[in-house]
Amino acid sequence: MKHFSYELSKYDSIVPIQRAGKYYFINTVTKKLVSDESFEEAYPFKGKCALIKKDGKYGMVDKQIHYAVMPTFNSPNGFFGKVIKDDNHIKRFNYNKARFDSTETFVWEDPIAPPIYYTTARNNKFYYGLRYNMTTSSPIYDTIFSFNTNSIIVELSGKYGMINYKGEVVVPINNKDFVSPTMLPDASSSAYIALQKGLYWYYYKSNKLLFKNRLKPTVIGEDIFVYKIGNLYNYFNDSGVRVLSNNYKWIAASGNLAINKKNQVVILNRKREEFVYLDLDKNSIQKSYNYTGLFEP
């Protein structure tokens, strides 16, 4: 679940739930089961498919809960972004195409943003420049934190600011702290950043200021900012409005997976209604672990 908590389809209408120790898939709009078939394990959809375990074997189902990949695998590793060996061929599962691709023709699912800039150290200082234009920028920075082409955080004399891909300063270098979207599987794809100046945190999309607030974000997702109130969590949308009517013990960077006050792992639909995926107090396997290790925030 740690793997899928990063990449849940946003408010998917088909989600797994647990009933009497078994997993089923339910339509969160109609509140009806999509299929009567149950599974030993079931995980949220990623792309067109969801990972399941049936009779001790792993496979994939589509959104009609038909088998996209028959449950014949002893391990789920090949479905978690790792390659597996099958019939002496190295393959990896493609969630969008609902099939295994061989390494000869496979295009990696998780995008790797092409580096359009580079940094080089000189006298313990860093310069910024385009990969194809080796002209360095000024000033010389103590540290450069690379996120995407429009949100490049730099540090100079203990202060933080933002430059764009041209090396131009777009947010003055006078902030005392920052939070980046480091919890996303590909942080370079997110344009959201938060910088602290004085008592306030300033929330940005690229170099555009969205809002300011005294609360520090604990996790930044693609369009959400998770924050902590006491020992519980909620999140802002990109307008600075609190989204959830209830606070939670934990919220994923996707915003639609959480642990409620009853210690239940819940999936939230578009209306923020809860669908219980797992009751941590009743599951003997999960109880012995800290949930932050299983559902990494």
Side-chain angles (χ1 to χ4, degrees), residues 1-56 58-65 71 76 79-80 95 183 218-219 221 224 226-235 242-297:
M1 179 58 88
K2 181 196 299 186
H3 174 84
F4 291 104
S5 71
Y6 296 130
E7 303 180 68
L8 284 172
S9 299
K10 195 68 172 178
Y11 302 119
D12 206 323
S13 60
I14 310 297
V15 302
I17 61 168
Q18 189 183 54
R19 288 183 178 177
K22 295 182 179 180
Y23 286 93
Y24 300 84
F25 285 90
I26 193 171
N27 186 309
T28 64
V29 178
T30 65
K31 311 296 193 301
K32 295 180 179 180
L33 295 180
V34 181
S35 169
D36 291 329
E37 187 161 7
S38 63
F39 304 96
E40 296 153 37
E41 295 178 19
Y43 297 88
F45 278 90
K46 177 183 175 184
K48 297 180 179 179
C49 296
L51 176 69
I52 54 85
K53 185 179 183 182
K54 183 80 171 181
D55 298 328
Y58 290 92
M60 284 281 177
V61 294
D62 61 22
K63 292 194 175 182
Q64 286 71 50
I65 318 305
F79 303 107
F80 285 160
Y95 284 83
M183 291 303 172
T218 58
V219 173
I224 72 167
V226 179
Y227 63 89
K228 191 172 185 180
I229 290 286
N231 294 320
L232 299 174
Y233 296 86
N234 209 308
Y235 70 86
R242 189 184 78 167
V243 174
L244 302 175
S245 57
N246 298 317
N247 296 327
Y248 288 82
K249 297 174 72 173
W250 172 84
I251 300 174
S254 62
N256 54 337
L257 182 70
I259 297 176
N260 63 21
K261 296 177 185 178
K262 298 178 182 178
N263 220 27
Q264 297 170 324
V265 181
V266 295
I267 297 174
L268 305 175
N269 67 2
R270 196 173 294 277
K271 294 180 179 180
R272 280 78 184 187
E273 296 171 312
E274 295 183 358
F275 294 83
V276 177
Y277 176 79
L278 180 69
D279 191 321
L280 292 172
D281 290 334
K282 295 180 181 179
N283 190 294
S284 60
I285 295 176
Q286 307 283 6
K287 278 172 67 176
S288 61
Y289 296 91
N290 184 317
Y291 61 72
T292 57
L294 291 164
F295 309 93
E296 187 170 306

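The minimum heavy-atom distance linking Ile224 with Ser254 is given by the pair CD1-C, 4.0 Å. Of all heavy-atom pairs spanning Val34 and Lys63, the tightest one is CG1-O, 3.7 Å. When all heavy atoms are compared, the tightest approach of Asp62 to Phe45 is O-CZ, 3.4 Å. Closest approach of Lys54 and Ser38 over heavy atoms only: NZ-O, 2.7 Å. For Gly59 against Leu51, the heavy-atom pair with the smallest separation is O-CD1, 3.4 Å.
Considering only residues two or more places apart in sequence or on other chains, Glu40 meets the salt bridge (Lys or Arg N to Asp or Glu O under 4.0 Å) condition with none of them. Residues satisfying the salt bridge (Lys or Arg N to Asp or Glu O under 4.0 Å) criterion with Lys53, sequence neighbours excluded, are Glu41.
Looking at heavy atoms from C-beta onward, Ile267 lies in side-chain contact with Pro16 at the 4.5 angstrom threshold. Residues Val226 and Tyr248 form no side-chain contact, since every pair of their non-hydrogen atoms from C-beta on lies 4.5 Å or further apart.
A distance of 11.0 Å separates CG of Asp279 from CD1 of Ile259, quoted to the nearest 0.5 Å. How far CG of Asn260 is from CH2 of Trp250: 12.0 Å, rounded to the nearest 0.5 Å. Expressed to the nearest 0.5 Å, how far CD of Gln264 lies from NZ of Lys282 amounts to 7.5 Å. Put simply, CZ on Phe39 and CG on Asp55 are 10.0 Å apart, with the number rounded to the nearest 0.5 Å. Between Leu257 atom CG and Leu268 atom CG the span is 8.0 Å, to the nearest 0.5 Å. Considering CG of Asn247 and OH of Tyr235, their distance stands at 12.5 Å, rounded to 0.5 Å.
A donor-acceptor pair under 3.5 Å is formed between the side chain of Tyr277 and the backbone N or O of Ala42. The main-chain N or O of Tyr233 is never found under 3.5 Å from a side-chain atom of Lys249 such that the two would form a donor-acceptor pair. Here the side chain of Asn234 pairs a donor or acceptor atom with the backbone of Leu244 at under 3.5 angstrom.
Open room surrounds CZ on Arg19; 12 or fewer heavy atoms of other groups in view lie less than 6.0 Å from it. In Lys32, the NZ atom is not crowded: 12 or fewer heavy atoms of neighbouring residues, nucleotides or ligands sit closer than 6.0 Å.
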